[in-house]
Structure formats: structure tokens, C-alpha cells
Novice: 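First, the structure itself, so that you have it in front of you.
Here is the naming used below: chain letters follow the sequence lines, and residue numbers restart at 1 for every chain.
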2 protein chains.
Amino acid sequence: MRQYPAACGLGIALAAISGKWKATILWELHSRPVRFGELRRRIPGISEKVLSEQLRAMETDGLIRRDVYDEVPPRVEYAVTPAGASLNATVHALAEWGLEHVSDIRAMATAGGR
Amino acid sequence: MRQYPAACGLGIALAAISGKWKATILWELHSRPVRFGELRRRIPGISEKVLSEQLRAMETDGLIRRDVYDEVPPRVEYAVTPAGASLNATVHALAEWGLEHVSDIRAMATAGGR
DNA sequence: ACAAGTACTGACTTAATTGTAAGCACCTAC
DNA sequence: GTAGGTGCTTACAATTAAGTCAGTACTTGT
């Protein structure tokens with residue numbers, strides 16, 4: 001993994017949401033637990049491979065927990081931990097910043113509409 | 001550049017601080033304008049090449065402005081724009097989250113001490 | 001000439017991340 | 001057999017980001 005420098009707190013937070021998908025995944029879990037397939041459908045463009053990898057990393061990092069149910073078809077749910085929920089408050093602030101400054105920011109990669 | 005998906009606001013914010021160095025650079029500018037060389041010294045591990053690239057990108061994106069003074073030796077200062085200052089509030093929240101959860105988070109890349 | 005200061009830039013390499021296209025396992029229904 | 005549902009995993013390829021090591025320009029000082 002990329003080593004993040006900087007202020008000790010900021011480095012940790014940046015590592016937590018590093019990469020293209022983690023912040024989005026974390027936000028998709030903010031209101032309730034979600035299953036793998038539903039996550040995949042709600043996040044356009046993400047591959048099963050990358051989704052699986054990111055979920056594993058976030059579970060390892062303590063941001064989310066993975067609940068396996070003894071059912072057929074298999075049912076696995078992902079939910080935020082307290083730490084993940086707390087970080088989601090900041091992710092929400094980021095999104096609000098983005099909405100407020102969408103017209104101020106030039107040459108910025110556009111997000112998919114949602 | 002990596003294309004960010006997701007909620008339109010979140011995608012824009014993620015693009016704004018994407019990569020290893022942007023959030024840190026933005027934070028280093030939070031209290032006053034700083035010159036290139038000082039930024040380099042205050043951010044351990046960053047190369048001049050990458051610092052220069054990131055500053056250019058952030059200027060293009062409207063997060064910071066670059067002030068050139070007619071002096072010798074050359075004096076160039078970088079300062080946050082209102083949008084950048086606003087985003088720094090969220091960067092600060094991220095850092096606080098990191099400080100609060102440093103002991104909760106496992107297997108997380110450690111940041112350089114500061 | 002050398003050294004120091006300032007702020008970069010370019011060629012090339014390395015590292016990290018993401019993407020593509022399969023495949024696996026289990027069950028149920030037709 | 002086929003199809004559908006569930007949740008992944010693997011081999012390989014492609015893309016992106018960062019790093020290394022030069023180099024540029026200007027001035028001043030020894």
C-alpha cells in the first residue's frame with residue numbers, strides 16, 4: 001500500500017479512503033447494511049474484483065464489518081463500524097463541498113450523475 | 001486523470017484531493033501563503049517534480065492561486081483560494097478523525113510523525 | 001571557476017491501482 | 001442440459017501515479 005506522509009491524523013484518514021472507490025463504498029453503507037450484489041449495482045463502473053478487494057481492505061482496516069448468513073443463496077452483508085460511520089460524516093462534508101463548488105472548480109473530473 | 005464516479009458532489013471532492021499529496025499540500029497552505037522551497041521542506045518525501053505537478057493541477061482546479069513576485073532570487077508563493085480554504089475545513093476534519101481513530105484502525109499505513 | 005539561493009522541467013523508470021475475462025462453489029427452476 | 005440467483009477468485013493486461021536523476025534559468029558571493 002502507498003505510504004501516506006503528513007500529519008499523523010491526516011495520513012491515517014487519507015489511507016482509509018485512498019483509491020478510487022473506498023469513499024464511495026463507505027458512503028453507500030451509511031444508512032444500512034448492504035449486500036455485495038446490491039453494492040455492485042449501486043456503484044456504476046466498479047468491477048466485482050475491485051469491489052471485493054476494497055471491501056476486504058476496509059474490513060481489515062476496521063471501517064466496515066462483514067456479516068455472513070447461513071442461507072442459500074449465500075447472503076453476505078456489509079455494514080459500517082462506529083469508526084466507519086464517523087468517517088462517513090466527513091465523507092458527507094466532502095460531498096457537500098463538491099456540490100457547493102461544482103461550478104467554481106475548473107478542469108475537474110466529472111462525476112457520474114446521481 | 002482518474003475519473004471519479006459516485007454522487008456528483010463526492011466525485012468532485014475526491015478528484016480535488018486525489019492522490020498521495022494534494023490534501024497534505026492544501027493543508028500546508030491553510031494558515032498563510034508558502035513558497036515552493038518551503039513547501040518542499042515542510043512535506044517530507046515529496047519530490048520537486050511531483051510537488052510542482054500537484055501545485056499546477058491544484059491551481060488549474062481552482063483550489064490554490066500562484067503569486068509570482070518580480071524578485072531575485074525568484075519568489076513564487078502559493079495560497080489557498082476560498083474554495084481551497086473551504087475544502088481545508090474538511091481536510092481538518094479528516095485529520096481529526098485520524099487522530100481519534102488511530103488506535104482503532106488496524107493494518108493502516110502509518111503516517112510520518114509530525 | 002566554484003558555491004549558494006530561487007523555481008522549476010524532461011526523460012525514463014518504478015510502483016500502485018484498476019480493469020478484463022474468465023473461472024469457482026452452492027442452490028433452485030425449467 | 002440450460003437458466004437464474006448468491007459471492008466471490010484468478011491470471012493477465014492496462015492505466016495511472018509517483019519516483020529518480022538529470023537538466024534549465026537567473027542572481028549573488030567567494
Novice: Does dT9(C) have OP1 or OP2 under 4.0 Å away from a side-chain N or O of Ser52(B)?
Specialist: yes

Novice: What is the distance from CG of Leu39(A) to C1' of dG7(D), rounded to the nearest Å?
Specialist: 12 Å

Novice: Rounding to a whole Å, what distance do you find between Lys22(A):NZ and dA16(C):C1'?
Specialist: 12 Å

Novice: For Ile25(A) and dT18(C), give me the distance from atom CD1 to atom C1', rounded to whole Å.
Specialist: 12 Å

Novice: Look at Arg35(B) and dA7(C) and indicate whether a side-chain polar atom (N or O) is within less than 4.0 Å of OP1 or OP2.
Specialist: yes

Novice: Does the protein touch nucleotides 19-30 of chain D at the base, only the backbone, or not at all? Give it as B, S and - per nucleotide, heavy atoms under 4.0 Å.
Specialist: BB------S---

Novice: Check whether any side-chain N or O of Tyr69(A) sits under 4.0 Å from OP1 or OP2 of dG7(D), and answer yes or no.
Specialist: no

Novice: From CZ of Arg56(A) over to P of dT17(C), roughly how many Å is that when rounded to an integer?
Specialist: 19 Å

Novice: Rounded to whole Å, how long is the line connecting atom OH of Tyr78(A) with atom P of dG7(D)?
Specialist: 8 Å

Novice: How would you list all residue pairs meeting salt bridge (charged side-chain N to carboxylate O under 4.0 Å, His left out) that involve residues 78-96 of chain B, not counting sequence neighbours?
Specialist: none

Novice: Which pairs count as ring pair (Phe, Tyr, Trp, His ring centres under 6.0 Å) when at least one residue sits in residues 30-51 of chain A, sequence neighbours excluded?
Specialist: Trp27(A)-His30(A)

Novice: Return the nearest nucleotide to the side chain of Arg41(B); candidates are dT6(C), dC8(C), dC8(D).
Specialist: dT6(C)

Novice: Rounded off to whole Å, could you give me the CG-to-P distance for the Leu14(B) and dT17(C) pair?
Specialist: 16 Å

Novice: Using atom CD of Gln54(A) as one end and atom C1' of dT17(C) as the other, report the distance to the nearest whole Å.
Specialist: 9 Å

Novice: Does Ile12(B) reach the side chain of Leu94(A), with side-chain heavy atoms less than 4.5 Å apart?
Specialist: no

Novice: Once side-chain contact (heavy atoms from CB on, under 4.5 Å) is applied, do any residues pair with Val76(A), and if so which ones, sequence neighbours excluded?
Specialist: Arg66(A), Val68(A), Tyr78(A)

Novice: In this structure, which one of Arg42(B), Lys22(B), Arg41(B) forms a salt bridge (charged side-chain N to carboxylate O under 4.0 Å, His left out) with Glu28(B)?
Specialist: Arg42(B)

Novice: Kindly list each side-chain donor-acceptor pair under 3.5 angstrom involving residues 43-58 of chain B, sequence neighbours excluded, with atom names and distances?
Specialist:
from, atom 1, to, atom 2, distance (Å)
Ser47(B), OG, Val50(B), N, 3.1
Glu48(B), OE2, Arg40(B), NH1, 3.1
Lys49(B), NZ, Glu53(B), OE2, 3.4

Novice: For Arg40(A), report the nucleic acid contact type (base, sugar-phosphate, nothing); a contact means any heavy atom under 4.0 Å.
Specialist: nothing

Novice: Can you list everything that forms a side-chain contact (heavy atoms from CB on, under 4.5 Å) with Arg75(B)? Sequence neighbours excluded, please.
Specialist: Arg35(B), Tyr69(B), Glu71(B), Glu77(B)

Novice: Let me know the distance between CD1 of Ile43(B) and P of dA18(D), rounded to the nearest Å.
Specialist: 13 Å

